[in-house]
Protein chains: 4
Amino acid sequence: MDRMSTSTERPRSGRREATRHRLFEAAVGLISEQGYGATTVDEIAERAGVAKGTVYYNFGGKSELYTALMEWGVSRLADTLKDAAPPSAPPAEALTAVLRAGVVFIGEHEALARLLMAEAWRTNQAWYATVRQIRTEAIGVISGQLERLAAEGALRQGVDTGLAGSALFGMVVTVALDWRTLQPERPVEEIHATLAHMTDGLVGASSSAPEHA
Amino acid sequence: MDRMSTSTERPRSGRREATRHRLFEAAVGLISEQGYGATTVDEIAERAGVAKGTVYYNFGGKSELYTALMEWGVSRLADTLKDAAPPSAPPAEALTAVLRAGVVFIGEHEALARLLMAEAWRTNQAWYATVRQIRTEAIGVISGQLERLAAEGALRQGVDTGLAGSALFGMVVTVALDWRTLQPERPVEEIHATLAHMTDGLVGASSSAPEHA
Amino acid sequence: MDRMSTSTERPRSGRREATRHRLFEAAVGLISEQGYGATTVDEIAERAGVAKGTVYYNFGGKSELYTALMEWGVSRLADTLKDAAPPSAPPAEALTAVLRAGVVFIGEHEALARLLMAEAWRTNQAWYATVRQIRTEAIGVISGQLERLAAEGALRQGVDTGLAGSALFGMVVTVALDWRTLQPERPVEEIHATLAHMTDGLVGASSSAPEHA
Amino acid sequence: MDRMSTSTERPRSGRREATRHRLFEAAVGLISEQGYGATTVDEIAERAGVAKGTVYYNFGGKSELYTALMEWGVSRLADTLKDAAPPSAPPAEALTAVLRAGVVFIGEHEALARLLMAEAWRTNQAWYATVRQIRTEAIGVISGQLERLAAEGALRQGVDTGLAGSALFGMVVTVALDWRTLQPERPVEEIHATLAHMTDGLVGASSSAPEHA
DNA sequence: CATGAATGAGCATTCATTCAT
DNA sequence: AATGAATGAATGCTCATTCAT
């Protein structure tokens with residue numbers, strides 16, 4: 001069918017793609033609030049404004065919808081982080097830019113971020129692989145910048161860039177979500193400033209390294 | 001037989017308290033692996049070695065069991081963190097000690113930690129208040145140390161101790177869970193060393209602070 | 001719409017309405033025999049020839065089914081009583097006709113009548129309002145005839161038409177149910193004759209006893 | 001067992017008898033409000049102020065408690081009705097006295113009366129026999145008076161005393177319960193006056209309407 | 001006599017999934 | 001491409017009953 005395509009709003013993609021998109025939007029919101037298990041297909045369909053059968057017609061099932069949702073949302077995060085810093089930027093600035101991009105992204109996609117954290121260590125779920133891969137990609141972008149710093153000798157000695165990437169990732173997500181949840185009125189810059197201060201410990205390099213037993 | 005006091009381990013508490021304890025142990029494990037929704041009351045009862053009705057007799061329902069479980073496990077975390085540093089310790093060392101205690105605690109109570117992160121930002125659940133309170137307490141211990149540092153002038157200027165506490169908390173939990181999940185064979189010291197490096201940025205204070213707009 | 005109407009049996013109403021009707025039929029019988037509490041949703045669904053979930057899909061729950069059932073059956077009773085006497089009939093005859101209609105109705109809808117009496121004074125049930133309303137309507141029809149009699153001066157002095165209506169209602173239902181339960185073989189006319197005799201006390205007033213065929 | 005055996009029942013009563021009595025009181029109230037099925041042993045025990053096990057110790061089970069309750073309450077009703085009219089009284093007055101006694105009894109034992117009506121036609125319950133017997137006794141008292149009237153020639157011709165007894169019984173119970181439920185503030189005399197008017201149709205025979213104070 | 005913790009069969013309810021339209 | 005009535009296996013919960021104290 002698809003009679004018209006005159007002007008409504010989505011230049012191409014047809015009815016089907018529009019339906020899928022509405023289901024995604026409905027699902028992220030609901031699941032991030034209530035959790036996967038507590039969210040019913042009925043609710044998703046209702047919020048999306050379609051009949052329940054439509055979910056099955058388009059995705060085949062609840063868990064498939066969830067997996068598709070993860071992939072959809074996650075590729076956005078990775079892309080955002082990758083595009084945050086121009087390859088030419090000095091590593092220290094690039095790192096700062098990546099973290100800021102992370103904060104901004106989470107500010108704009110809270111629901112997705114909540115989902116990610118909720119599922120991050122639930123290793124026996126069907127979609128664990130997807131979630132893990134997403135996190136790996138995001139952390140990889142951060143660790144990549146840390147390695148560039150290390151190559152310049154600007155990174156404190158003895159720092160494991162993998163672990164440190166994971167630490168920064170957790171730090172960014174935690175701070176950003178607490179910000180959205182508890183103090184959404186604060187300007188994003190204040191959030192980012194605090195994070196920037198904290199990364200300086202790593203970056204501040206060679207000089208006056210305090211001792212650790 | 002042997003209903004108490006010989007030596008087994010719970011000198012007092014009576015039959016009922018013992019039953020509740022076994023249900024807690026069974027529930028943390030199951031729920032952290034599968035999630036709340038995917039864990040059935042049957043499973044919990046079976047693993048605890050009691051009849052299903054006993055769960056209802058003791059807690060009133062599945063969600064109440066979960067809430068009680070949170071409170072139970074969480075007071076442990078807060079206590080552990082509070083006891084980590086002697087009040088007499090210099091702030092910088094105290095902070096380090098608290099973070100290490102956090103890593104160790106998570107290493108020993110993975111299940112609980114996973115639960116905590118999974119629920120941390122799920123604001124419309126019945127038990128959100130409990131979870132939030134727990135996090136607040138834990139973060140409070142960290143922020144408290146940061147404030148002691150600030151009082152000494154050892155904290156980098158312009159750091160919001162509340163936000164920074166939340167950042168350190170997220171960092172610790174994330175790194176610790178990634179460690180347990182992905183590289184459980186690494187010695188805890190390596191984990192802690194990375195975290196310690198990262199806190200130096202805050203602590204290392206006034207000296208060679210790079211600028212941020 | 002209404003594509004079909006060929007012949008199957010339910011010219012209008014659609015699949016859903018047919019299902020609801022079968023559930024009603026199944027439920028009255030079962031509940032009037034066993035009581036509400038002792039009747040399971042499984043039994044109702046089985047007798048109706050549908051799956052258990054269908055009860056929930058159509059009514060939302062057991063008690064809602066019960067309430068809907070009451071409303072359904074009860075509007076029938078009220079209608080029957082209202083139609084029993086032509087407005088033009090003299091009041092004395094009209095009253096007799098209404099009571100006879102009541103007896104006949106109960107003879108044909110025992111199950112419903114039992115339900116009504118069982119719930120009539122159970123004031124704290126969810127469906128009490130429905131039951132009460134039904135009784136009020138039925139009693140109202142009777143009281144209405146008594147008022148017509150009073151207007152003609154044919155009613156014994158000092159009779160409260162409201163109370164008397166309730167008395168006649170109770171009398172009719174009790175006699176009719178005892179008849180069906182204990183002596184179902186007796187012809188309906190014998191039952192009605194006894195009732196007619198009893199109303200004469202009200203109607204006969206001072207003067208002459210009206211005849212009954 | 002059965003140590004004590006002084007006479008038959010309770011000149012004294014000891015702890016046990018007191019406990020049973022409190023359970024009766026608790027049970028009638030609860031069951032008449034909610035119905036048998038909806039009333040739990042827990043509730044009964046709680047209202048009676050005893051532990052749940054005590055119900056089982058004293059009665060053996062829920063249904064046995066219910067049966068015992070019926071027998072206890074019902075013998076009271078029959079006794080009250082039998083004692084209402086002195087054997088020497090003229091039949092017409094005796095009938096009036098019996099009905100008045102019924103109204104008064106129900107006014108004072110609403111809960112029991114509700115129970116009776118709720119179970120009256122539920123033929124497949126374990127306690128149906130008990131209920132039926134009670135009703136038969138009560139109706140028998142009424143019918144007995146009608147027969148005395150018939151013997152005197154004071155009863156309208158063609159009235160079946162059995163059916164009429166049932167009719168009067170239903171009338172009395174219905175009016176009395178509606179009175180307690182809907183207009184408890186009305187004086188009992190008004191209720192009784194209406195009933196007395198209605199019986200005159202039977203009694204007044206062909207002649208003149210008897211007076212009522 | 002009485003208690004109350006524990007039990008488990010039974011039941012109401014939920015919800016992902018199917019399928020005829 | 002979408003719908004929504006129907007399904008039934010799975011699950012949370014209730015509650016009469018038991019029993020060790």
Side-chain angles (χ1 to χ4, degrees), chain A residues 1-2 14-20 37-46 48-65, chain B residues 3 14-20 37-45 49-65, chain C residues 3-4 14-20 37-45 49-65, chain D residues 14-20 37-46 49-65:
Chain A
M1 301 312 142
D2 182 20
R15 194 175 168 198
R16 177 153 190 175
E17 213 49 39
T19 300
R20 293 172 67 100
T39 302
T40 68
V41 174
D42 272 290
E43 284 174 312
I44 297 171
E46 189 187 0
V50 301
K52 197 192 331 202
T54 304
V55 175
Y56 291 85
Y57 181 74
N58 279 285
F59 292 98
K62 186 186 179 187
S63 72
E64 289 92 330
L65 163 60
Chain B
R3 339 128 249 162
R15 193 176 172 199
R16 184 158 184 173
E17 214 48 41
T19 301
R20 293 171 69 99
T39 302
T40 69
V41 175
D42 273 290
E43 284 174 313
I44 296 173
V50 301
K52 195 189 341 195
T54 302
V55 173
Y56 292 87
Y57 182 73
N58 279 284
F59 292 98
K62 188 185 177 187
S63 75
E64 289 93 329
L65 163 60
Chain C
R3 54 275 128 82
M4 59 32 197
R15 192 177 173 198
R16 183 156 186 174
E17 214 49 42
T19 301
R20 293 171 70 100
T39 302
T40 68
V41 175
D42 273 289
E43 285 173 314
I44 297 172
V50 301
K52 192 179 358 184
T54 302
V55 174
Y56 292 87
Y57 181 74
N58 279 285
F59 293 98
K62 187 186 176 185
S63 75
E64 289 94 329
L65 163 60
Chain D
R15 195 173 168 198
R16 176 151 189 177
E17 212 50 38
T19 301
R20 293 171 67 99
T39 301
T40 68
V41 174
D42 271 290
E43 283 174 313
I44 296 172
E46 188 186 0
V50 301
K52 199 199 319 209
T54 303
V55 175
Y56 290 86
Y57 181 74
N58 280 283
F59 292 98
K62 187 188 179 187
S63 72
E64 289 93 329
L65 163 60

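Every chain is numbered from 1 and lettered A, B, ... according to where its sequence line falls, protein lines coming before strand lines. As a basis for the values below, the full set of heavy atoms in this structure was taken, side chains included, without hydrogen atoms, waters or symmetry mates.
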Atom CD1 of C:Ile44 and atom P of E:dG10 are separated, to the nearest Å, by 18 Å
With a 4.0 Å limit, can you tell me whether B:Thr19 has a side-chain N or O closer than that to the phosphate oxygens OP1/OP2 of E:dA6?
yes
Quick one: what's the B/S/- string for nucleotides 11-18 of chain F, heavy-atom cutoff under 4.0 Å, read 5' to 3'?
SBBBSBBB
Do you know the tightest heavy-atom contact between A:Lys52 and A:Ala45?
CA-CB, 3.8 Å
Every stem of 3 or more Watson-Crick or G-U pairs under 3.5 Å that DNA chain E joins, in order of first number, is E:2-21 with F:2-21
Option from A:Leu65, A:Thr54, A:Val41 for which side-chain contact (heavy atoms from CB on, under 4.5 Å) with A:Phe59 holds:
A:Leu65
Which heavy atom in C:Asn58 sits nearest to a heavy atom in C:Arg20, and how many Å separate them?
O-NH1, 2.9 Å
Got a sec, which residues hit side chain to side chain contact (heavy atoms under 4.5 Å, CB included) with A:Glu43, two or more places apart in sequence or on another chain?
A:Leu30, A:Gln34, A:Thr39, A:Thr40
Given E:dC1, is OP1 or OP2 found less than 4.0 Å from the side-chain N or O atoms of D:Asn58?
no
Separation of A:Lys62 NZ from A:Tyr56 OH (nearest 0.5 Å):
8.0 Å
Across the strands shown, which category fits B:Val55 at heavy-atom distances under 4.0 angstrom: base, sugar-phosphate, nothing?
nothing
